[in-house]
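Here's the structure we're looking at; comments come further down.
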Amino acid sequence: MKLVENFDIKQIEKNVQDDLKDKDISRLIQEDENKKNEIMFIEGPPTMNGIPHAGHLRGRVFKDLWYRYNVLAGNKVIFNAGWDAQGLPVELQAEKELGNENGKSDIRSTEDIEKLVAECKEIVKKYHTKWVEVDKLIGMSLNQEKAYWTYKDEFIEKEWQLMKKAYENGIMTEGFRVVAYCPSCQTSLSHSEVNQGYDMVKDPSLYYKVKLAQEDKFLIVWTTMPFTLVTDAMVGLNPKEEYVEVRVENEIWIVGKTRLEEFMTEVKIENYKIEKTFLGTEMEGKKYIHPLLDEIPKLAEIAKQDNYHITVAENFVDVNAGSGLVHLSPANGEEDNNIAMKRGVTIFCPIDDEVKFTEDAGKYAGLFVRDADEKLVQAVKDRNALVRIGKIKHKYPLCWRCNHRLVWLARREYFYMLDKLGDKAIKAAEDVEYFFDQPKNRFLEIIKEKHPWCISRERFWGCPIPIWKCDECGNMERLFSRKEIVESAIELPDGENFELHRPWIDKIKVKCKKCEAVMQREEFVLDTWHNSGAAPIASLDESTYKEKIPAPFFTEGIDQTRGWAYTLLIENVIYNNAPVSPYKSFLFQGHVLDENGNKMSKSKGNVLDAKELLEKYPVDLVRFYFMWKASPIEPLNFSTKELMSRPYQVISTLYHLHTFYKQNSEYDKFNLQEYTIEWAKKKELLTPPDVWLLSKLQRMIERTTETNDSCRFHESAKAIEDFLINSLSQIYIPIIKSELWDEDDSKKDRRFTIYAILAKTLKAINILIHPFAPFTSQYLYRTIFHGKENILLESWPKVDSSLIDEKVETSFDLLKETVSVTSAARMKGKLKRRWPLNQALICLNKGEKEVLESLSELVKSQMNIQNYKIFEIDNSEGIEQYLELKQNGLPVMPKIELERSAIGPKAKQDMGKLLKIFAETDPELIINELRDNGSYTFQIGDNLVVLDKEDFIVDFEVKEKYQFAKRQNLIVIISLERDNEMMAKGLIKDLARRIQTLRKEKGFNPTDILEKASILELDQESLNLIKDKTDDIAFLIRVKNVDFTESCKNYKDDDIDGLKIRIAVE
RNA sequence: GGGCUCGUAGCUCAGCUUGGCUAGAGCGUUCGACUGAUAAUCGAAAGGCCAUGAGUUCGAAUCUCAUCGGGCCCA
């Protein structure tokens, strides 16, 4: 790899990519004896149903950052890719590609499934290529060859082993789950599909009354789906809301209080009287009599159970709709079903696949459910239970394919009953490090819910559930391995090595051990979250799993709290039947938003394609920017403009510091191996700036290590930025520059010391910044330092506490402050920084004199001043400060004003005269009086106005030929007087700067020594000042001779503060 | 609708636990200066009803409650 001429970060990136193309870094790391611990990373497998965008990149960068940091810190990190191939999104995409407009109902035969599955595999292949491409662009270190795939047979079989544990521990059961179902497509729909199709529809609004069994009172219940009366199981009230008993004619009705009046208007009842008010919670567990039991014998039978047809107090009940009481149909409502599951209530679901009532529905058997609405309303009316039937317009979901109204329907499914885990999952989750409180709290809350997890899906492309059921006797065979299936199969149409997917597995028939009938496989596949959640178990062999899991660090987007993080934990607890998490720590990452803070979405068109982004912008900047801009958990507003500003400056400075080091050290034939900091220390060559820089370096190492460990990557990036820009580039380099300029052989040791320090510092920065900007750091490391083959083989720097020097740091801070204040004073006096000044008078706090004087030479050189004096001052303001300054002999004059709000009441009508007299009075006189007597008396006519200290605002200014600036207690007064010598020096520097610019323009190297320089058209005065000093100029601009006659060929017009000159170099 | 969470300068954040100086820093912006690695750097300036409202208090960015807005998840 060669050093590029100019800083071209894209070119650097390309060179590194090319250079590393054929190199097997992971093998080098594997063989490196400095990398001691072997640790495991488990990739959260992206679903292969789309191309990566900017949001994905942030996650990629976090992972790779962690990898590189840990490798540098001395670990062998197993960093394998992983891909999630299955799941609904892939299947839907395949449907689209195949043109199956009716979704699942288009799949009728084995061949159809086969075609669908083949298409799914195609899609996965296509997107996998895109992802790998982007991974390569961004410099992901993932081992792609060893990637795990969730759809591979070996993965599936291991997942079955996990299911087996769940079954053996009594966690896996059958049950009912309510899904949105399209009666026309005969397909259930996922939540995201449902959310696509809400629209306003008209529905019946039915109020009916049910009598309490033990009291002569009626519950007034509201529903918009009368057919659900068939599957009615409970009536819900909100426990925290108020309800009332009202008398209507000779009946007592129970209604919510919040909407009582609206309700009465709606049902057209004018005369009613509130008899009692109470909280919903008081109504828990009262049996009621369903009005239609005679029509539905099966329901009547179930209703005999104690927990059936009772009132329940549940938070989800909304008192701002209907009557404030709702009936619960676990077969037809999601929330209703959850509550039934929680309370162990029987789920009565007499509805078939065509959404028609079955025989169990008694009188309504055979009817499409929504067609039963009218008949049910009539039946309610016939039994005198009708309060009111009306119409309501509300938002309701429609099928996104056929626009048919969806119904909510309980389907038989498989569940993990998480309450059976006891507190194991909670304990496991509590032991995990989350780095930030916000996601931790939410995650723990979710786990504490212990919601039953429905693991089955009525789909095709997924890990099949290996359970066979006998239709005759209901017996079940659970065959959790290929071996068991093969042994139990009646025949194997695709041989023993059939693919463990639908449709092939569906063809396997098993003989029932109880009744000898032929058993069919339950046509479910697993929830895709089960696949990814099984990753640690299913992607590793058993011994590796035992050895490496729990793994130290997992990370994914914050939306995965309930997703991957959750399923991983639950499945691991199930697998071990113990409170163990598969991860010791989990970092949840905030999402990427567009530059205005809006969510990136296809519909808004603000999605940034990852590949385009990485091809157009420098990858190191993208990576650095992602980590540097925001805290990991916060959302990040992504702006390419911002990306190209500060991050560019940081990386650019890093590059240029390297070229600076290279140019100078090569000129001196510096040998990095021979001359080290230890060597310099031994020879006592370190100056205060060196000590200071090394001390700062230690602090930065300490800080970055600490913040990387706690996932405060943004702080880590900022610590590097701060050191690089504010310490190294801004302070150290300008100080040592002049020392490097002096080529005398006797100063060689000093120059070598500087090179050694620069080399050590730059090398350390390269390593520290490597996880953030891998390309530039690898590039600079290789081209400038010719180190190991890959910077990853280096070791993370350790803090060397012998190099920390707090005293020097304090002195430097004071120096920086003093120089800064001096510059401000120069600004006021219009004195350029390169003009030397005669004298500075510096006022400091008590005790600081010594601190600053320890850097005496630097004070002069950095302030560009020939001598200085330091005064320690006690007072920071007012008359006391002025007096102290004066007492010290400083060239100050008092500046005095009246405190108007204070003197108003004292002077009253004499205010005008007072101001006039005050303006004419010598300030010094007032000060002296105040000092001696504590007050000053003005005589205004016959009146005496006595003003004390508080009535004056006293400040100071400096005498003529001085200028000053102050910041808090730091005051710098500079003398404006310059003699010829100083004027000459200033002029020389002015000239030198211009000639140096010209040198650069002409393309000379800084280290080249040129023949001559020529300066024309200087005025006589200036010429007199400098004509004897050509040697000084020659030294500054690296030429052999300087003259003032027209001796060169090409001259450039230039000017110094408006003075026209012509200059040339050859 | 529910849960968690965030809201301080254009941006990124500090300060909040334990109430008390004129609410700080860096970046960005504008103007000026410097520059021999630099799109670096230095100086100055502009920029804040600390989301809003109420309460507690002598005193609130800080404690309490409510509201509004953003994010994620769940409905």
Side-chain angles (χ1 to χ4, degrees), chain A residues 6-7 191 194-195 315-321 333-335 338 436-446 448-449 451 557-563 566 588-591 593 595 597-599 628-631 633-637 639 641-642 644-664 712 714-715 717-718 721-722 724-726 728-731 733-734 737-738 740-741 758 816 819-828 830-835 862 864 965 989-990 992-1000 1004-1008 1036-1038:
Chain A
N6 293 307
F7 179 58
H191 279 295
V194 172
N195 284 331
N315 284 323
F316 90 98
V317 176
D318 182 8
V319 291
N320 297 307
E334 220 173 344
E335 190 74 47
N338 288 343
F436 299 92
D437 284 343
Q438 166 195 354
K440 176 184 179 177
N441 294 339
R442 204 174 82 209
F443 190 52
L444 290 175
E445 285 306 309
I446 292 168
K448 281 178 192 160
E449 283 172 13
H451 259 322
I558 191 134
D559 55 312
Q560 296 295 341
T561 322
R562 188 179 284 266
Y566 182 74
F588 293 102
Q589 319 146 4
H591 285 169
L593 309 174
E595 59 188 317
N598 295 313
K599 208 173 154 171
W628 163 86
K629 170 156 178 166
S631 147
I633 50 154
E634 296 294 331
L636 182 145
N637 299 0
S639 149
K641 190 176 161 234
E642 191 174 40
M644 289 306 287
S645 54
R646 185 62 177 176
Y648 184 95
Q649 291 169 355
V650 173
I651 304 293
S652 153
T653 303
L654 181 67
Y655 170 88
H656 285 105
L657 286 168
H658 276 86
T659 56
F660 174 75
Y661 161 76
K662 187 184 156 79
Q663 273 170 5
N664 287 285
R712 264 80 181 163
H714 60 309
E715 291 182 33
K718 276 171 186 157
E721 174 194 14
D722 178 58
L724 186 66
I725 303 292
N726 296 336
L728 185 54
S729 176
Q730 171 196 335
I731 310 274
I733 297 287
K737 235 180 205 172
S738 53
L740 293 184
W741 203 234
L758 281 177
K816 270 155 68 180
V819 171
S820 164
V821 173
T822 310
S823 302
R826 276 175 178 271
M827 285 291 288
K828 281 191 186 170
K830 294 207 190 304
L831 295 163
K832 292 188 186 181
R833 197 145 170 194
R834 65 176 109 88
W835 293 351
Q862 291 307 298
N864 193 14
K989 278 199 172 182
D990 269 330
R993 199 204 115 205
R994 279 159 181 83
I995 294 169
Q996 278 144 9
T997 309
L998 182 64
R999 274 184 66 124
K1000 214 173 156 191
F1004 294 112
N1005 270 329
T1007 44
D1008 294 342
L1036 278 175
I1037 59 176
R1038 279 189 177 244

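Letters go in sequence order (proteins before strands), and every chain restarts at 1. What you see below is based on every heavy atom in this structure, not just the backbone, and it leaves out hydrogens, waters and symmetry mates. Everything quoted here is computed from the prediction, not taken from an experiment.
Across B:C73, B:U5, B:A37, the shortest atom-to-atom separation from the side chain of A:R562 is found for B:C73. When the nucleotides B:C72, B:A75, B:A37 are ranked by their closest atom to the side chain of A:R442, B:C72 comes out on top. Closest to the side chain of A:D559, out of B:U38, B:C72, B:G28, is B:C72. Looking at the side chain of A:F660, the nearest of the listed nucleotides B:A37, B:A75, B:U41 is B:A37. When the nucleotides B:C4, B:A75, B:A39 are ranked by their closest atom to the side chain of A:N441, B:C4 comes out on top. Taking the side chain of A:E335 as heavy atoms from C-beta on, and the options B:C72, B:A75, B:C4, the nearest nucleotide is B:A75.
The nearest whole Å value for the distance from the CD atom in A:Q589 to the P atom in B:G71 is 19 Å. At whole-Å resolution of the value, CG in A:L728 and C1' in B:U41 are 13 Å apart. Rounded to whole Å, atom C1' of B:A40 lies 12 Å from atom CZ of A:F7. Atom P of nucleotide B:A25 and atom CG of A:N726 are separated by 14 Å, given to the nearest angstrom. In this structure, the CG atom of A:L740 is 12 Å from the C1' atom of B:A37, given to the nearest Å. Taking atom CG on A:L593 and atom P on B:C72, their separation rounds to 7 Å, with Å as the unit. One can place CD1 of A:I651 at 18 Å from P of B:U38, the figure rounded to the nearest angstrom. A straight line from CZ of A:F443 to P of B:C72 spans 19 Å, rounded to a whole angstrom.
Between B:G47 and B:A33, the distance separating the two C1' atoms is 23 Å to the nearest Å. The separation of B:U22 from B:C42, taken at their P atoms, amounts to 29 Å, rounded to a whole angstrom. Rounded to whole Å, the separation between the P atoms of B:G32 and B:C68 comes to 49 Å. With both ends at atom P, the span from B:U64 to B:U18 equals 10 Å, rounded to whole Å. Using atom P as the reference point in both B:C16 and B:A54, the two lie 26 Å apart (nearest Å). Separating the C1' atom of B:G48 from that of B:G55 is a span of 24 Å, rounded to the nearest Å. With P as the reference atom, B:U12 and B:G28 are 15 Å apart, rounded to whole Å. When the C1' atom is compared between B:U67 and B:A75, the two are found 23 Å apart, to the nearest whole Å.
Of the residues near RNA chain B, A:H451 and A:P734, the one whose nearest nucleotide (by heavy atom distance) lies more toward the 5' end is A:P734. Each of A:Q663 and A:V819 was assigned the nucleotide of RNA chain B with the nearest heavy atom; the assignment lying further toward the 5' end belongs to A:Q663.
As judged by a 4.0 angstrom heavy-atom cut-off over every strand, A:R1038 is placed among the base-contacting residues. Among the heavy atoms of the strands lying under 4.0 Å from A:L657 is at least one base atom, whether or not backbone atoms are also near. Residue contacts for A:I733: at a heavy-atom cut-off of 4.0 Å it reaches a base atom on one of the strands shown. A:T561 comes within 4.0 angstrom of nothing in the nucleic acid, heavy atoms only.
Looking at every heavy atom in both residues, A:W628 comes nearest to A:E721 through NE1-OE1, 3.0 Å. In plain terms, the two heavy atoms of A:I558 and A:H591 that are nearest each other are CG2-NE2, 4.0 Å. Closest heavy-atom contact between A:P635 and A:A630: O-CB, 4.3 Å.
In this model, the phosphate group of B:A40 is not approached by any side-chain N or O of A:Q730 to a distance below 4.0 Å at OP1 or OP2. Taking 4.0 angstrom as the limit, A:Q649 places a side-chain polar atom (N or O) nearer than this to OP1 or OP2 of B:A40. Side-chain N/O atoms of A:K662 include none lying less than 4.0 angstrom from OP1 or OP2 on B:A37.
To the nearest 0.5 Å, atom NZ of residue A:K718 and atom CZ of residue A:R646 are 10.5 Å apart.
Residues satisfying the side chain to side chain donor-acceptor pair (under 3.5 Å) test with A:T822, not counting sequence neighbours, are none. Taking the side-chain contact (heavy atoms from CB on, under 4.5 Å) definition, one finds that A:I633 meets it with A:F436, A:Q438, A:P439, A:S631, sequence neighbours left out. A:Y648 pairs by the ring-ring contact (aromatic ring centres under 6.0 Å, His included) definition with A:F7, not counting sequence neighbours. Legend: residues meeting side-chain contact (heavy atoms from CB on, under 4.5 Å) with A:E642, ordered by chain and number and at least two apart, are A:Y625, A:K629, A:S639, A:S645. Taking A:N664 as the reference, A:F660, A:L740, A:Y755 meet the side-chain contact (heavy atoms from CB on, under 4.5 Å) condition, with sequence neighbours excluded. Under the rule for a salt bridge (charged side-chain N to carboxylate O under 4.0 Å, His left out), the partners of A:E715 that lie at least two apart in sequence or sit in another chain are A:R703. In this view, A:Q730 satisfies the side chain to side chain donor-acceptor pair (under 3.5 Å) rule with no residue, not counting sequence neighbours.
Side-chain atoms of A:N338 and A:H451 form no donor-acceptor pair, as typed in the model, at a separation below 3.5 Å.
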For nucleotides 11-13 of chain B, tabulate all protein N/O to nucleotide N/O atom pairs closer than 3.5 Å, reporting atom names and distance.
from	atom 1	to	atom 2	distance (Å)
B:C11	O2'	A:E642	OE2	3.2
B:U12	O3'	A:K629	O	3.3
B:U12	O2'	A:K629	O	2.9
B:U12	O2'	A:K718	NZ	2.9
B:C13	OP1	A:S631	N	3.2

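A:S645 contributes no side-chain N or O that forms a donor-acceptor pair with the base of B:A39 under 3.5 Å.
For the strand RNA chain B, secondary-structure stems (runs of at least three Watson-Crick or G-U pairs, all distances below 3.5 Å) span B:1-7 with B:68-74, B:10-13 with B:24-27, B:29-33 with B:41-45, B:51-55 with B:63-67.
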